[in-house]
Amino acid sequence: MVSDIRITNTGSLLELQRRLRAAGHENIRASMQRRLRHAAEPLRDDLQSAISGLDISSQGRRGRPGGPSPTTRPLRATIAEAIRISVRTAGNPGARVWLDKGRLPSDIPMGLVNRINEGRIRHPVFNNRKRWVQQNATPLWWDNTVRKGRPRMEREAARVLDDVRRRLE
């Protein structure tokens, strides 16, 4: 299932947040936020590349000609554009890479993205509920990409926190 990936070390981040607030260093806080976002960008870019290059195939038309696409919007590019980064330094601090369902058009439900991640998409042909087709994709594109990118993101976030800690001492 497609879910967000959060890099949080809540204890360290909360302690740093208190120290930043007490010290009144707005530029250090802004720098930390910018660097945490920068640490998450490679994972977001990898996820966007993974969905953009994902092969979605079907059994074929079996000799029948296809019709025009009901939309001019490419599915994979639309999903890639909805992958976002958010960074928080207050409340529940950390960096988060997630799929913003608010940026998906209403005709692309979040369930479709989860089914693409599962590797099997079954849908009606041009909304004809009497005729269904199954398309296959490489399963776990989100999960595998996150699994590969998470250690790098965690290392970079730890480096940022260490630098901020050193600047506050």
Side-chain angles (χ1 to χ4, degrees), residues 1-14 16-17 20 27-59 69-123 133-167:
M1 181 164 112
V2 174
S3 63
D4 60 2
I5 172 73
R6 297 175 190 210
I7 300 300
T8 58
N9 183 352
T10 308
S12 297
L13 286 171
L14 286 173
L16 268 179
Q17 172 196 2
L20 278 170
N27 60 345
I28 295 176
R29 183 182 298 180
S31 172
M32 182 175 97
Q33 207 167 10
R34 184 178 58 251
R35 290 180 64 196
L36 283 173
R37 176 176 295 283
H38 184 69
E41 284 173 357
L43 180 57
R44 181 205 54 202
D45 295 344
D46 290 347
L47 285 165
Q48 288 174 334
S49 295
I51 187 64
S52 296
L54 190 67
D55 182 37
I56 299 176
S57 60
S58 66
Q59 303 94 337
S69 174
T71 178
T72 58
R73 213 178 347 88
L75 173 68
R76 289 171 285 220
T78 304
I79 293 171
E81 290 171 7
I83 298 173
R84 310 266 319 251
I85 298 173
S86 63
V87 176
R88 294 183 60 177
T89 56
N92 185 15
R96 177 177 150 195
V97 179
W98 55 293
L99 189 87
D100 184 1
K101 65 182 178 182
R103 294 192 70 182
L104 289 174
S106 60
D107 62 335
I108 300 178
M110 193 64 182
L112 174 64
V113 179
N114 289 331
R115 287 192 299 275
I116 292 173
N117 189 47
E118 292 166 4
R120 181 174 176 253
I121 308 131
R122 185 169 157 74
H123 62 90
V133 66
Q134 175 180 318
Q135 292 181 289
N136 301 308
T138 307
L140 304 176
W141 66 272
W142 179 277
D143 300 338
N144 291 337
T145 306
V146 166
R147 196 173 300 116
K148 289 177 195 170
R150 185 179 187 134
R152 183 199 174 282
M153 188 172 160
E154 286 175 338
R155 281 192 309 272
E156 187 63 31
R159 186 177 312 134
V160 169
L161 295 178
D162 289 341
D163 290 348
V164 170
R165 230 181 250 115
R166 266 187 253 118
R167 285 180 70 182

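All residue numbers refer to positions in the sequence shown, counting from 1.
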Pair I79, I116 - check side-chain contact (heavy atoms from CB on, under 4.5 Å), show working. CA-CA 11 Å; I79 293 171; I116 292 173; 3.9 Å; yes

Give the table of side-chain donor-acceptor pairs shorter than 3.5 Å for residues 38-50, with sequence neighbours excluded, one pair per line with atom names and distance.
from	atom 1	to	atom 2	distance (Å)
H38	ND1	E41	OE1	3.4
Q48	NE2	A80	O	3.0
S49	OG	D45	O	3.1

List the steps and the verdict of side-chain contact (heavy atoms from CB on, under 4.5 Å) for M110 and L99. CA-CA 9 Å; M110 193 64 182; L99 189 87; 3.4 Å; yes

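- Using a 4.0 Å cut-off between a side-chain N of Lys or Arg and a carboxylate O of Asp or Glu, R115 and E118 do not qualify as a salt bridge.
- Contact of the D162 side chain with the R159 side chain is not registered, since no non-hydrogen atoms from C-beta on lie closer than 4.5 Å.
- Side chain of D100 to main chain of R84: no donor-acceptor pair is present (N/O by atom type, distance under 3.5 Å, no hydrogens or angles).
- In terms of the salt bridge (charged side-chain N to carboxylate O under 4.0 Å, His left out) criterion, R122 has no residue partners (sequence neighbours excluded).
- For the side chain to side chain contact (heavy atoms under 4.5 Å, CB included) test, residues two or more places apart in sequence or in another chain that qualify with H123 are I121, V133, Q135.
- In terms of the salt bridge (charged side-chain N to carboxylate O under 4.0 Å, His left out) criterion, residue partners of R35 (sequence neighbours excluded) are, by chain and number, D163.
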Run the side-chain contact (heavy atoms from CB on, under 4.5 Å) test on L161 and M32 for me, step by step, so that the C-alpha distance in whole Å, both residues' side-chain angles and the decisive distance to 0.1 Å come before the verdict. CA-CA 8 Å; L161 295 178; M32 182 175 97; 4.2 Å; yes

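- Listed by chain and residue number, S31 satisfy the side chain to side chain contact (heavy atoms under 4.5 Å, CB included) test with R34 (two or more places apart in sequence, or in another chain).
- Evaluation of the side chain to side chain contact (heavy atoms under 4.5 Å, CB included) rule for R76 yields I51, L54, I56 as partners, not counting sequence neighbours.
- Of the possible polar contacts, one joining the N117 side chain to the W141 backbone as a donor-acceptor pair under 3.5 Å is found.
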